[in-house]
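Keep in mind that the numbers below use all heavy atoms, side chains included, and drop hydrogens, waters and symmetry copies.
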Amino acid sequence: QVQVVESGGGLVQAGGSLRLSCAASGTIFGINAMGWYRQAPGKQREVVAVITGGGSTNYAHSVKDRFTISRDVAKNTVYLQMYSLKPEHTAVYYCNAAVSTYDRRTSYRPYWGQGTQVTVSS
């Protein structure tokens, strides 16, 4: 079994910062890409930022230069540092990890966390 757990969300005023964390645990053999997604009320889930196993990063255009994704490979953890937050950044932020397990070492499967609420007040 694999668990993915996000933390660090909360209420912040516009212009403030938050750091989200996401830790994967369980019968993990390896992790490839990890990423952050968000879903605002009434909207579809969208990608925010992704970091590959090799450390390459990709960002949604709307958050580039404002958000930073990083990763601690040894801890199976990914972070999202968010700066200069705006009310439009309000959403539930989800973590996704592409994980191979000991029983299926050559196959990476996506695992999602339950999400963490980020609310930015004006």
Side-chain angles (χ1 to χ4, degrees):
Q1 294 293 336
V2 174
Q3 297 81 39
V4 175
V5 179
E6 305 98 336
S7 61
L11 174 64
V12 63
Q13 288 189 333
S17 301
L18 276 177
R19 188 192 194 211
L20 306 183
S21 299
C22 166
S25 62
T27 56
I28 297 171
F29 179 73
I31 300 179
N32 195 351
M34 300 184 78
W36 289 96
Y37 298 73
R38 67 186 177 192
Q39 188 166 16
K43 295 187 177 181
Q44 290 187 333
R45 190 175 299 187
E46 61 178 1
V47 61
V48 176
V50 175
I51 185 166
T52 68
S56 298
T57 58
N58 285 287
Y59 296 90
H61 181 73
S62 61
V63 305
K64 206 169 184 179
D65 299 326
R66 192 183 296 273
F67 291 4
T68 301
I69 189 170
S70 60
R71 181 172 177 174
D72 186 329
V73 175
K75 295 182 179 179
N76 292 334
T77 298
V78 65
Y79 306 96
L80 186 68
Q81 179 68 56
M82 304 184 291
Y83 302 97
S84 301
L85 285 162
K86 298 180 177 181
E88 51 261 44
H89 296 136
T90 295
V92 178
Y93 283 71
Y94 296 91
C95 176
N96 177 277
V99 179
S100 65
T101 53
Y102 283 100
D103 61 332
R104 293 176 61 177
R105 301 185 182 191
T106 60
S107 175
Y108 290 97
R109 289 172 287 177
Y111 290 87
W112 290 93
Q114 292 297 309
T116 185
Q117 177 71 47
V118 171
T119 302
V120 184
S121 63
S122 58

Stepwise side-chain contact (heavy atoms from CB on, under 4.5 Å) check, Ile28 with Tyr111: CA-CA 11 Å; Ile28 297 171; Tyr111 290 87; over 6 Å; no
Full working for side-chain contact (heavy atoms from CB on, under 4.5 Å) between Thr90 and Gln117: CA-CA 8 Å; Thr90 295; Gln117 177 71 47; 4.0 Å; yes
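Taken from CZ in Arg45 to CZ in Arg38, the straight-line distance is 13.0 Å, to the nearest 0.5 Å. For the atom pair OG (Ser21) and CD (Gln81), the distance works out to 9.5 Å, reported to the nearest 0.5 Å. Note that CD of Gln39 is 9.5 Å distant from CD of Glu46, once rounded to the nearest 0.5 Å. Note: Ser122 OG to Lys86 NZ = 13.0 Å, rounded to the nearest 0.5 Å. Interatomic distance, OG of Ser62 versus CG of Asp65, reported as 11.5 Å (0.5 Å rounding).
Residues Leu18 and Gly8 come closest through the heavy atom pair CD2-O, 3.7 Å. Counting all heavy atoms, side chain and backbone alike, Met34 lies closest to Val78 at CE-CG1, 3.7 Å.
Evaluation of the ring pair (Phe, Tyr, Trp, His ring centres under 6.0 Å) test over residues 36-69, restricted to residues two or more places apart or in two chains, returns Tyr37-Trp112, Phe67-His89.
For the residue pair Tyr83/Arg66, the side-chain donor-acceptor check at 3.5 Å is not satisfied.
A side-chain donor-acceptor contact under 3.5 Å links Glu6 to the backbone of Gly115.
Contact annotation: the side chain of Tyr79 approaches that of Asp72 to within less than 4.5 Å [non-hydrogen atoms, C-beta and beyond].
When the side chains of ILVMFWY residues are joined at heavy-atom separations under 4.5 Å, either directly or via intervening members, Val118 and Val92 end up in two distinct hydrophobic clusters. Placement of Tyr94 and Leu80 in two distinct hydrophobic clusters is found when ILVMFWY residues are connected by side-chain heavy-atom separations under 4.5 Å, directly or transitively. Residues Val12 and Leu20 are members of one and the same hydrophobic cluster, defined by side-chain heavy-atom contacts under 4.5 angstrom among Ile, Leu, Val, Met, Phe, Trp and Tyr.
With sequence neighbours excluded, the residues that form a side-chain hydrogen bond (donor to acceptor under 3.5 Å, both in side chains) with Gln3 are Ser25.
Under the side-chain contact (heavy atoms from CB on, under 4.5 Å) test applied with Val99, the options Val4, Asn32, Ile31, Thr27 reduce to a single match, Ile31.
Within a 6.0 Å radius of CZ in Arg109, more than 12 heavy atoms belonging to other residues, nucleotides or ligands are found.
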With a cut-off of 3.5 Å and sequence neighbours excluded, list every side-chain donor-acceptor pair involving residues 48-57.
from: Thr52; atom 1: OG1; to: Gly54; atom 2: N; distance (Å): 3.3
from: Thr52; atom 1: OG1; to: Gly55; atom 2: N; distance (Å): 3.3
from: Thr52; atom 1: OG1; to: Ser56; atom 2: N; distance (Å): 3.1

